[in-house]
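Given the structure is predicted, the values throughout are model-derived calculations rather than measurements. Below, read A as the first sequence line, B as the second, and so on, with proteins coming before strands; counting in each chain starts at 1.
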Amino acid sequence: MVRPQDRKFVTADPEKCIGCLVCEYACSMTNEKTFNPTKSRIRALRLGPLTNLSVTCRHCEDPACVAACPREALSQEENTGIIMVDEEACNGCAWCISACQFGAMMMHPEKKVVFTCNSCKDQPDGPQCVKWCPEEALTFVTAQQLAQKSRISAVKNLFQEAKEKKAAK
Amino acid sequence: MSGETKIFAYAGKILRVDLTTGKVSTEPLSEKMAKDYVGGIGLGIRLLMDNSKPGTDPFSPDNPLIFATGPLSGTMGPTAGNGYAVVSKSPATGGVGEAKAHGFFGPDLKRAGYDAVIITGKADKLSYLWIDDDKVELRTAEQLRGKSPYETDMAIREELGDYYIRVSAIGEAGEKLCRIACIINDEFRAIGRTGMGAVMGSKNLKAVAVRGTKDVNVANLDGFKEFVKMIHERMKGPATKKYKTLGTPENVLVLNSLSALATRNFTNAQFEGAEKVSGEYLNEHYVKKIVGCATCGMRCDHIAVVPEGPYQGSTSRLEFECLWSMGPLCGVDRLDAIIEAMRIVNEYGMDGISIGVIVAFAMDCYEHGVITKEQTDGIDLRFGNAEALIALIHKIGKRDGWLGNTLAEGVARAAEIIGGDAYKYACHIKGLELPGYDLRTLKTAALGFSVSFRGACHLRNGAYSPDVKGKVNRFKIEKGRGKMIADEGNVYNIIDSLIVCKFSRGTYYDGIKDLSNYYTLATGIPITPEELTKSGERIENLARLFNIREGKGTRKYDCLPYKIENCPVPDEGPAKGAVVNEEEFQIGLDDYYSVRGWNANGVPTVEKLNELGLGDLAYIVQAANQGGA
């Protein structure tokens with residue numbers, strides 16, 4: 001039984017992400033040995049100068065992509081939560097792409113099969129996008145760590161506000 | 001892979017598009033061309049020279065408009081990975097026009113498979129060029145007429161159904177051939193100077209849209225990766241601190257303290273409202289977020305939002321030069337109005353430096369009675385009138401009325417049209433409006449700007465730097481400045497051919513040595529720092545030759561605006577009375593020419609050309625020497 005605190009995924013902090021695409025280049029360099037964002041497993045999006053975020057696979061607990069695949073080409077690795085693609089079985093029908101709410105499942109431009117984040121599992125120091133992010137906006141975390149982080153910052157803010165109110169009086 | 005050259009990082013291919021016939025073709029980029037001219041402006045200027053006839057009108061269909069990427073475009077190289085350059089004959093100067101922009105457009109052009117795109121002819125109706133890897137097509141843009149570059153960008157992405165398509169477009173100013181029109185990609189990244197947007201407009205070309213999905217491979221991936229990692233580390237340090245904190249608007253108070261903040265159209269050299277338009281004030285009250293371009297490890301785009309008042313919600317990226325031109329130079333001390341002015345300048349698609357200098361020129365003329373209130377259609381064009389600044393920008397962007405139409409020609413031509421004393425207030429060199437440095441108190445800059453091949457420019461040789469940093473006596477021109485300017489000019493030519501962002505130039509601690517290493521790791525073409533410096537010199541001479549060929553490149557064109565030589569600084573303090581005198585200026589020119597190996601008329605010698613491998617262009621020198629140009 002894999003516990004929720006065991007599965008890590010890459011997530012971006014919207015406060016910090018500036019949409020610079022360094023993560024895309026780091027990913028394609030690591031996983032494809034070339035510079036080509038269309039082969040990156042993480043994609044940055046800039047909807048406006050103030051609206052930037054990088055998005056990749058979140059290794060969902062009950063992954064819609066796996067459920068959607070009609071050919072059993074997708075499976076989730078038990079320990080890591082990584083979505084595995086059987087490139088022989090995948091025929092590029094894109095059901096999984098429709099199913100993923102994050103756009104994290106993508107069609108490989110050359111192989112014509114789907115691909116997604118593998119957490120750089122062969123890299124000794126983990127996901128390379130996280131290592132390269134110049135803004136330290138990306139982190140490799142568990143869902144529990146994410147929740148803790150939010151709690152800690154919420155509590156900090158609360159006490160800070162209380163302190164300021166007190167000081168203002 | 002037919003006809004493609006096997007060198008790394010370069011695409012190895014040039015695309016040609018004739019808008020008149022719709023004919024599209026490709027040709028290989030030779031290794032020699034790549035090595036000799038690097039990419040970016042170097043490659044672009046060589047292609048301009050080879051693909052145009054002398055005396056071609058900048059708005060003629062025969063004037064080629066060249067988009068060029070650099071060898072590093074499309075790689076992970078910080079700043080150089082994301083650039084492109086546009087080169088053409090400038091409608092502002094009649095000589096070399098060139099400008100670079102970063103953002104997200106350049107790498108896609110490279111990934112589509114092109115080192116350069118040469119666009120000639122004129123489309124029969126407003127059109128945009130759609131480059132989808134190997135597929136190139138011309139599509140109608142009539143529905144986009146009058147739209148801003150950003151609206152055009154969004155509309156094209158929508159029409160073609162891919163949000164990741166990158167677009168470089170002109171606004172209304174470009175369509176209407178304002179000579180200061182620029183080309184904008186990614187909302188506020190501009191091919192800003194020398195009127196490249198007007199050339200695009202003259203071709204009925206609204207935009208270039210591109211989707212590139214091919215790989216960009218470097219010769220030594222591990223070495224390249226380590227190099228990039230090193231630059232990323234350096235970008236976290238002091239070399240980029242200015243750009244990541246206050247940004248270039250830091251210059252406002254620095255220059256003001258040096259009496260070098262040109263105010264009210266180069267009347268004063270200090271601005272009493274400097275604090276209110278300072279980088280410090282801007283960041284505290286207006287900057288919401290600092291973002292960056294593709295692949296960059298630093299960030300510099302200070303996104304300013306007006307929180308309240310008549311321009312509430314107005315959002316723009318703001319850098320020093322444009323803040324200065326529409327602020328202190330017009331006597332305007334309201335940042336909310338400057339942010340709004342910047343926003344609309346981007347909407348029309350105009351050079352944010354030139355537009356402020358033009359408005360300031362008009363204000364100076366108005367205050368001296370050279371133009372009347374009838375001629376301004378009732379606008380009270382006093383210095384400091386922020387509403388007048390904004391009203392006049394609209395008029396120029398639309399070529400509205402006599403004044404808007406006249407000023408859209410740039411200050412040099414406008415002064416001729418207005419006549420009388422107007423020429424005294426026209427602050428330009430070779431037809432390009434001055435950037436934000438008072439040349440009366442920064443005299444290395446005065447000399448450096450005067451010899452810049454694209455007209456008044458602080459980024460052709462960075463000649464303001466030794467003055468501002470106190471490395472020289474900035475109140476005089478003397479022997480030795482020529483070498484300073486020439487050496488730095490060579491490096492800047494390489495920076496603009498690799499299309500490295502100049503904000504990151506400080507991270508190349510070993511200068512040209514770092515850059516040559518960077519080049520070889522990416523391309524696999526061995527090059528020594530000396531060879532690369534030579535390329536910088538080659539590009540300088542090539543650009544000079546183009547200007548000479550067009551009758552704009554000799555000594556008499558290396559000159560300064562009237563006010564710089566005739567109106568001493570009136571402000572109290574050490575700079576009082578400062579002005580450039582003709583004698584020291586001519587000594588400076590002699591010094592510069594002799595360092596360059598040019599004759600007294602500023603024309604390169606045939607020996608110099610042979611030394612640089614430009615012997616095929618000796619005919620230009622011979623013609624100039626015979627004609628006594």
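Nearest approach of B/R111 to A/F35, heavy atoms of both residues: CD-O, 4.5 Å. Residues B/D215 and A/E110 share a closest heavy-atom pair of OD2-OE2, 4.2 Å. A pairwise comparison of heavy atoms in A/Y25 and B/G74 identifies CE2-O, 3.4 Å as the closest pair. Across all non-hydrogen atoms, the minimal contact from A/L50 to B/K288 is CD2-CB, 4.0 Å. The two residues A/L45 and B/Y164 have their closest heavy-atom pair at CD1-OH, 3.5 Å. Nearest heavy-atom pair, B/K289 versus A/C17, reported as atom, atom and distance to 0.1 Å: NZ-O, 2.9 Å.
Heavy atoms closer than 4.5 Å to chain B are found nowhere in A/P109, neither backbone nor side chain. Within the 4.5 angstrom heavy-atom criterion, only side-chain atoms of A/K39, from C-beta onward, approach chain B. Using a 4.5 Å cut-off between heavy atoms, A/A26 contacts chain B through both its backbone and its side chain.
Note on B/V228, B/D186, B/N82: by heavy-atom pairs under 4.5 Å with chain A, the leading option is B/V228. With chain B as the partner, the residue from A/T38, A/V22, A/T34 showing the most heavy-atom pairs under 4.5 Å is A/T34.
Atom SG of B/C296 is separated from atom CD1 of A/I18 by 7.5 Å, given to the nearest 0.5 angstrom.
Residue A/D125 qualifies as enclosed at atom CG: its count of foreign heavy atoms under 6.0 Å is above 12.
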